[in-house]
Amino acid sequence: MANIKLEDLRPAKGATSKSKRVGRGRASGCGKTSSRGNNGEGQRSGNSSKRGFEGGQMPAYRRLPKLKGFQLYSKANYAQINVGRLDALNLKEVSLETLSERKTIHSSCVGLRVLGNGDIKNAVTVKAAYVTPSAKAKIEAAGGKVEIV
């Protein structure tokens with residue numbers, strides 16, 4: 001392969017085009033009004049309408065609702081399950097993996113949170129990222145175990 005010099009570089013074919021020469025007579029196709037139309041703000045020299053201006057129509061930044069507060073886009077998605085629901089699952093061990101295998105929770109969840117609403121009668125081993133104090137007390141009272149992972 002030959003050495004390429006800076007002066008040998010050229011843009012790709014079709015990447016550039018000649019600038020439009022306006023106001024050079026009717027034969028050029030851009031004469032008389034120079035492709036600016038017949039009248040109005042855009043036809044005058046020095047035209048610079050402000051950002052977001054839509055010709056008098058209510059601009060999009062005023063039509064759309066505004067977000068209030070800070071949006072955290074990298075927020076981790078935790079699955080939540082109440083203690084009362086653990087009995088109905090009929091599982092000896094409840095964890096994020098077992099619940100996602102049974103399609104009880106969504107696959108996008110990265111952790112499991114156990115909440116204390118409801119009652120439990122069966123002994124269950126719970127492996128979760130967070131367990132509320134009331135949920136922990138109910139699980140241990142039923143003879144189960146709680147492991148924080």
Do the non-hydrogen side-chain atoms of [X] and [Y] ever get within less than 4.5 Å of each other?
X	Y	value
R44	N39	yes
R63	E54	yes
L99	L89	yes
N38	K32	yes
I139	L86	yes
S28	R21	no

Item to check | Atom pair OG/CD of S107 and E101 - distance to nearest 0.5 Å | outcome: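 One gets 13.0 Å once the value is rounded to the nearest 0.5 Å.
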Checklist entry - Taking atom OH of Y78 and atom CG of L96, what is their separation to the nearest 0.5 Å? => result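 Reported to 0.5 Å precision, the distance equals 10.0 Å.
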Next on the checklist: Using a 3.5 Å distance criterion without hydrogens, assess whether the side chain of R24 forms a donor-acceptor pair with backbone atoms of V22.
Outcome noted: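 Looks like yes, one N/O pair under 3.5 Å.
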Item to check | Side-chain (S100) to main-chain (E97) donor-acceptor, under 3.5 angstrom | outcome: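 Checking the backbone N and O of E97 against the side chain of S100, a donor-acceptor pair under 3.5 Å is found.
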Where do [X] and [Y] come nearest, in terms of heavy atoms and distance?
X	Y	answer
D8	N3	OD2-O, 4.5 Å
P59	G52	CB-O, 3.4 Å
T98	E93	OG1-O, 3.6 Å

Next on the checklist: Is it true that, when you exclude K66 itself, more than 12 heavy atoms of the residues, nucleotides or ligands shown sit nearer than 6.0 Å to its NZ?
Outcome noted: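 Enclosed.
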Item to check | Atom NZ of K136 with >12 non-hydrogen neighbours under 6.0 angstrom | outcome: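 Atom NZ in K136 is not packed in, count stays at 12 or less.
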Donor-acceptor list for residues 111-131 side chains, cut-off 3.5 Å, not counting sequence neighbours:
unit_1: N122; atom_1: ND2; unit_2: D87; atom_2: OD1; d: 3.3

